[in-house]
Structures are given as structure tokens and as C-alpha cells.
Amino acid sequence: MTWQPNRLEQERLEKARELEALGIELYPPHAERTHTCAQAIAAFEALETSDPEAAESIEVAVCGRIRRVNIKGKISFLHIEDESGRVQLMLRINDMDEKTYLLVRDKLIDMDDFVQAKGTMMRTRAGEVSVLVREFKLLAKSLSPLPVIKQRRLEDGTIVEYGEFSDIETRYRQRYADLAVNHDVREVFRKRSRTISALRAFMDSEGFLEVETPILQPIYGGAAARPFVTHHNQLDQDLYLRISFELYLKRLLVGGYDAVYEIGRDFRNEGVSYKHNPEFTQIEFYKAYIDYNGVMDLTERLLRYVVQQVTGGTVIEYQGHTVDFGPEWPRIRLRDAIRQHTGIDYMDYPDAASLEQAIRDIGDQVTPGQTWGKLVDHLLGKHVEPKLIQPTFVIDYPRDISPFAKRVSYDDFHVERFEFFIAGMEMGNAFTELNDPRDQEQRFLDMQRLYSSEDDEATPLDEDYLRAMRYT
RNA sequence: GGCCCCGUAGCUCAGUGGUAGAGCACCCGCCUUUUAAGCGGAGUGUCGUAGGUUCGAAUCCUACCGGGGUCACCA
């Protein structure tokens with residue numbers, strides 16, 4: 001699609017031509033900056049009471065995007081914004097080159113343009129710390145206006161926005177515009193960055209080795225999910241984008257590392273929703289000589305640490321929920337959790353048909369013919385998961401739905417697996433890993449049969465992985 | 001993939017068969033301490049696209065395109 005300038009954009013193109021005709025560079029190569037917007041204000045305020053004269057002689061050069069324009073004839077006020085925040089520029093025709101001032105007054109300089117201003121700090125009569133501008137320079141001409149949001153700060157400090165940019169489609173397709181306009185969105189990415197840093201710091205301090213394993217894989221595995229398929233031209237071979245890191249990380253334990261982790265993307269060719277992204281970031285870690293109790297301890301400390309690093313406390317607000325990572329997380333058995341929330345003890349219903357009937361009896365609709373394991377999953381997902389707001393481990397799953405975990409000690413039916421839930425969503429999954437290569441092979445074969453029977457892509461048997469397991 | 005909903009100005013939206021509207025933005029004019037500045041002037045549009053019904057369609061019908069929700073699947 002070629003660009004079809006709308007009326008506003010045509011106006012800006014015309015202004016760009018006028019500026020060029022005046023010999024003004026639209027996108028000059030160099031900028032000067034001595035202070036961020038926030039630093040300029042802070043520098044002034046630090047001296048303002050103790051030495052007002054010194055404060056008003058602070059020379060600054062600030063750069064940013066014009067976010068507010070108020071032209072009053074021979075004096076104009078602009079707000080510019082950089083990552084640190086905003087600062088007001090006060091431009092008076094008497095204080096600067098007149099021709100430059102007229103560029104602003106005659107609106108050849110627009111909202112959204114990037115500019116540089118040099119001058120001294122001051123506080124206006126209305127009380128706003130500002131740059132009294134002596135030199136003013138265009139750094140980049142904006143040809144497409146950003147969506148306009150007007151803000152008003154109420155007396156209690158809350159900011160009311162008028163004319164918000166709220167269309168979800170446009171916001172996601174033009175993330176840059178959303179970020180430029182909606183302040184809180186920037187904080188999301190900052191928090192994400194701090195989260196990843198904290199994850200890494202914690203795992204490193206626990207003696208884990210960070211690794212990267214293949215994303216392009218000849219054979220995918222480690223989870224029940226459909227993959228993306230791609231093709232290597234020179235090898236003339238189809239490759240899969242990984243659906244988990246598991247099998248490669250476990251190979252590294254065979255290789256002799258006691259503890260490894262990876263933070264990265266997984267790709268699953270399945271449904272999309274606010275909970276499910278075709279490419280998502282996760283952390284997986286493996287540690288030798290601990291069982292699922294050890295992993296739960298570690299998980300709990302990890303999350304508590306990350307929340308503290310990112311927020312400074314242990315409490316977060318999410319989707320209307322207040323979640324506290326401070327207290328010890330409850331660990332409840334899946335069977336008890338389902339019994340508690342539905343009254344159904346799945347041990348009373350050994351086959352799919354009877355369990356399905358029991359589920360219908362409590363008023364749920366389920367598609368007929370599902371496996372017993374899927375029905376248990378239904379009970380968990382529909383009745384237990386949404387109620388687990390505070391961090392909670394659900395432990396000891398039926399072997400049927402957890403093929404890669406070792407048996408519990410107390411019966412033959414359950415395995416040492418946990419998932420944990422926060423704010424009504426599943427956030428993680430782990431188990432005491434099966435490492436009997438003979439067992440493992442049988443599981444692969446079972447899975448192969450399951451997938452081909454569901455008419456999906458057959459999962460090829462990962463012989464290399466089995467060889468690795470036999471070395472253990 | 002099934003079902004439901006949405007698409008009107010740059011942004012947010014109103015308009016359910018009879019001349020396309022509002023606020024802000026944009027444009028023109030005035031204004032040397034403003035801050036949702038103010039005052040005066042001007043409505044800037046492929047009503048998602050293509051057909052159909054009708055004297056007449058933003059409005060009703062069909063298909064398509066784009067998007068959202070939900071179910072199925074999954075984390």
C-alpha cells in the first residue's frame with residue numbers, strides 16, 4: 001500500500017516544502033542536549049529557593065517532541081516531551097531570532113515535531129517551571145499527526161484525558177502511536193524489562209546457567225501443541241518452530257550441568273486470545289536432584305523476588321484483583337480442589353462416561369466423547385482456576401493427564417506434578433521429571449498414536465532425545 | 001472453523017428511509033506569562049468495499065474485506 005496522504009498530512013507536506021524553501025533542514029543530523037526534560041526541571045527546583053538568581057541562570061539544551069502548543073501572538077508556550085517527561089518552553093519574540101519565532105507562530109512548526117531548545121530556566125507567572133527559549137531548532141518534521149489527547153491535571157493530581165486514542169485495533173497495529181500517546185503503555189514495557197532482568201538475576205544467583213537452545217527444530221516436542229512449520233532451503237528440509245524448551249534443556253542435564261534455564265519465545269500454532277499469543281515468552285528451568293517440592297520452593301521465592309524488584313513490594317493489582325506474593329502459597333491437591341469447588345470426587349468416576357454424567361449433573365455442558373483426562377481438565381479450568389486469585393499451587397495430577405511425571409508415594413494413580421495459578425490464570429507447570437528412557441519411549445509412542453488418531457500432524461519419534469536419556 | 005457484534009471527519013462518537021452531524025484536532029484572523037488558554041471565522045467526508053431493494057440508502061437485504069468478543073483447541 002502506497003501512502004495516500006490525508007488532508008492533515010497534505011498540509012504538513014506543504015509546510016515541509018515551505019520550510020525547505022526557507023533553507024531549514026527538516027531532519028538535521030545533529031542535536032544538542034544537556035538535560036532531559038525532567039533533569040532541567042529538577043535542576044531549577046533544586047536551586048530555586050536557596051539561590052533564585054543562580055536558578056534562573058541555569059543554561060539548558062533540551063530536546064523532545066512537541067505535545068502541546070499554545071500560541072498567543074508574540075509569546076508562545078510549547079510543551080515538549082522526552083522519555084523522562086515534559087517541560088514547557090516559553091518563546092518570546094523579543095528573546096529570540098524573530099524569523100525563528102514566526103515559524104512557530106505561523107505554525108510551520110507543528111504539534112508532534114521534534115525540536116531542540118536552548119535557554120535558561122524560569123518559573124512562569126502561572127507557576128510552571130519552563131525553559132525561556134533563546135535558540136530554537138527543528139530536529140524532525142512530523143508528517144502524520146498523532147492522535148490528539150488533551151490532558152488536564154485535577155487538583156488531586158489525577159490526569160483526565162479528553163479525546164482518548166482508544167481503538168484497540170489501531171492501538172495494537174500502531175504500537176508506536178499508542179506508546180507515543182498513551183503514557184501508561186510505556187510503563188508496561190518498562191515493567192516487562194525489569195521483570196526479565198529480575199528473573200535472570202534470581203536464577204543466576206541460584207546457580208543456574210543461562211542457555212539458549214534451538215528454536216528451529218527438526219522434531220518438535222515437550223508439550224502438546226501444534227507447531228509452526230518452516231523450511232530450510234539449502235537443506236531442503238522442513239523445520240518446526242519450537243513449542244517448548246524442555247527436551248533440549250534436559251539434554252543439557254545429561255551433559256552434566258546441574259541447573260539450567262532459558263528465557264525465550266515459544267511458538268504455538270493455536271488459538272489467539274488475551275491469554276494466548278502464538279509467540280510467547282516463558283522461562284523454563286531444570287535442576288538435578290530436586291523433586292517438585294524443591295521446584296515449588298524455588299518458584300515461590302522466584303516470583304516473590306521478581307515482584308519485589310519490579311514493584312518494590314509484594315502486592316500487585318491486576319484485572320481488578322489484588323494479589324499478594326508475600327505469604328506462603330497454599331499447596332492443594334487437584335483432587336481436593338475439584339472436590340471442594342464442585343463436589344465431584346473424580347475417583348468415584350473411573351471412566352469418561354460416568355464422569356461426564358457427573359459433570360452434566362452439576363449443570364455443565366460438555367462436548368460428548370471427551371477423554372477422562374479432558375473432563376478432569378474441564379473441572380479444573382471451569383471451577384477451580386477462576387477462583388485461585390492469590391498464588392496457589394495445585395498438586396498431584398492424575399497420571400492420565402500428566403504423562404511425563406513420576407508417581408506420588410501414596411497411590412498408584414497420581415503423579416508428582418503441580419501447576420500454579422494467579423489471578424485466575426494458570427501461570428506455570430512442573431513435575432518431578434520422568435527419566436526412565438524405556439518409559440519415555442512408551443510415552444512418545446502413545447502420544448504419536450494420540451495425535452495421528454486426532455488427525456493432526458504426527459509427532460515424529462525423537463530418537464536423539466531417547467538416546468540422551470539412555471545415557472542417564 | 002461455528003455463533004454474536006462493530007466499521008461514519010485526524011481522534012472520540014451521535015445519526016434506524018428524506019440536504020452528512022458534535023466536541024477536540026486541522027485551516028484563517030486577533031492576542032507578550034498560557035496550560036482542556038480565550039475570542040471571531042470556516043465542516044475539511046469513498047458513511048469499510050461491491051452489488052441489490054426503493055422515487056430516495058449511512059440507515060433495509062446479500063456477498064466480501066478488516067477488526068473485536070465468544071465457543072472449540074491450548075499456556
Side-chain angles (χ1 to χ4, degrees), chain A residues 1 4-12 14-15 67-79 86-96 98 101 104-107 110-112 122-130 132 142-154 159-174 177-178 181-182 222-227 243-244 265-284 365-367 370 374 377-378 380-382 385 419-422 425-430 451 454 456:
Chain A
M1 267 295 267
Q4 306 255 322
N6 62 35
R7 193 179 50 81
L8 270 56
E9 291 169 332
Q10 282 166 16
E11 279 167 8
R12 292 212 175 176
E14 182 51 38
K15 290 175 180 181
R67 301 292 284 136
R68 177 174 167 269
V69 178
N70 181 12
I71 297 165
K72 292 173 53 63
K74 296 193 175 68
I75 184 169
S76 295
F77 299 90
L78 308 179
H79 276 181
R86 296 185 181 193
V87 69
Q88 175 166 271
L89 310 181
M90 182 165 101
L91 290 80
R92 280 193 304 210
I93 193 164
N94 292 354
D95 296 331
M96 53 190 294
E98 191 173 312
Y101 180 79
V104 173
R105 194 200 65 181
D106 298 340
K107 298 205 182 171
D110 283 296
M111 188 92 112
D112 308 319
M122 49 131 4
R123 187 181 287 275
T124 64
R125 205 172 287 168
E128 180 160 351
V129 178
S130 309
L132 180 57
S142 166
L143 297 179
S144 295
L146 287 168
V148 178
I149 292 187
K150 284 205 164 190
Q151 296 182 330
R152 178 167 62 165
R153 188 182 297 273
L154 300 179
I159 292 174
V160 183
E161 293 190 337
Y162 303 83
E164 55 182 352
F165 175 52
S166 60
D167 182 70
I168 301 290
E169 172 197 343
T170 316
R171 285 182 61 187
Y172 278 103
R173 286 183 175 241
Q174 300 185 27
D178 196 25
V181 159
N182 289 318
R226 267 165 293 191
I243 58 173
S244 84
R265 294 280 169 119
D266 266 336
F267 306 87
R268 297 189 182 177
N269 206 342
E270 290 173 347
V272 179
S273 75
Y274 81 96
K275 288 184 184 178
H276 297 90
N277 191 320
E279 50 174 308
F280 63 98
T281 301
Q282 66 166 359
I283 178 170
E284 278 192 34
Q365 296 191 330
V366 283
T367 39
Q370 294 199 80
K374 296 254 182 205
D377 218 42
H378 165 88
L380 172 62
K382 171 111 189 263
E385 183 168 343
E419 294 183 303
F420 68 99
F421 299 84
I422 300 169
M425 285 191 287
E426 193 225 312
M427 303 297 292
N429 176 27
Y451 266 70
E454 284 182 355
D456 275 320

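This is a predicted model, so every value here is computed, not measured.
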Taking the [atom1] atom of each, how far is [N] from [M], in whole Å?
N	M	atom1	value
B/U34	B/A20	C1'	36 Å
B/A57	B/G51	P	14 Å
B/A58	B/U16	C1'	10 Å
B/C47	B/G7	P	14 Å
B/A37	B/C27	P	15 Å
B/C11	B/A72	P	36 Å
B/U12	B/G38	P	22 Å
B/U49	B/G41	P	34 Å

For residues [X] and [Y], determine if any side-chain heavy atom of one lies less than 4.5 Å from a side-chain heavy atom of the other.
X	Y	result
A/Lys74	A/Arg92	no
A/Phe77	A/Ser130	no
A/Arg105	A/Leu91	no

Just to confirm, is there a sub-4.0 Å distance from OP1 or OP2 of [N] to any side-chain nitrogen or oxygen of [X]?
X	N	value
A/Lys74	B/U33	no
A/Lys374	B/C74	yes
A/Arg125	B/U32	no

What is the separation between atom [atom1] on [X] and atom [atom2] on [N], rounded to the nearest whole Å?
X	N	atom1	atom2	answer
A/Phe77	B/A37	CZ	P	12 Å
A/His378	B/A72	NE2	C1'	13 Å
A/Lys15	B/C28	NZ	C1'	12 Å
A/Arg68	B/A25	CZ	P	11 Å
A/Arg226	B/G1	CZ	P	13 Å
A/Leu380	B/C73	CG	P	14 Å
A/Tyr101	B/U32	OH	C1'	7 Å
A/Leu8	B/C11	CG	P	9 Å

Taking all heavy atoms of A/Thr124 and all of A/Met90, pick out the closest pair and write down the distance.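 Looking at all heavy atoms of both residues, the closest pair is CG2-SD, 4.2 Å.
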Which pair of non-hydrogen atoms, one from A/Asp95 and one from A/Leu132, has the smallest distance, and what is that distance?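 Closest heavy-atom pair between A/Asp95 and A/Leu132: OD2-CD1, 3.5 Å.
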Nucleotide nearest [X] (side chain, heavy atoms from C-beta), chosen from [options]:
X	options	value
A/Met90	B/U34, B/U33, B/C73	B/U33
A/Lys107	B/C27, B/U35, B/U33	B/C27
A/Gln88	B/U33, B/U35, B/U32	B/U35

Whom does [N] pair with, Watson-Crick or G-U wobble, provided both distances fall under 3.5 Å?
N	result
B/U35	none
B/A72	none
B/C64	B/G48
B/U54	none

Both A/Asp110 and A/Thr124 contact RNA chain B. Taking the nearest nucleotide for each, which residue is further toward the 5' end?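 Per heavy-atom nearest nucleotide, the more 5' residue is A/Asp110.
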So which one's nearest nucleotide on RNA chain B is more toward 5', A/Gly73 or A/Asp377? A/Gly73
Per the atom types in the model, does the base of B/U33 pair as donor or acceptor with the side chain of A/Glu128 at under 3.5 Å? no
Is there, by distance only and without an angle test, a donor paired with an acceptor across the side chain of A/Asn70 and the base of B/U35 below 3.5 Å?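 Check fails, no donor-acceptor contact within cut-off.
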Can A/Arg12 and A/Ser142 be counted as having a side-chain donor-acceptor contact under 3.5 angstrom? yes
Only counting residues at least two apart or in another chain, list the ones meeting side chain to side chain donor-acceptor pair (under 3.5 Å) with A/His79. A/Gln88, A/Glu128
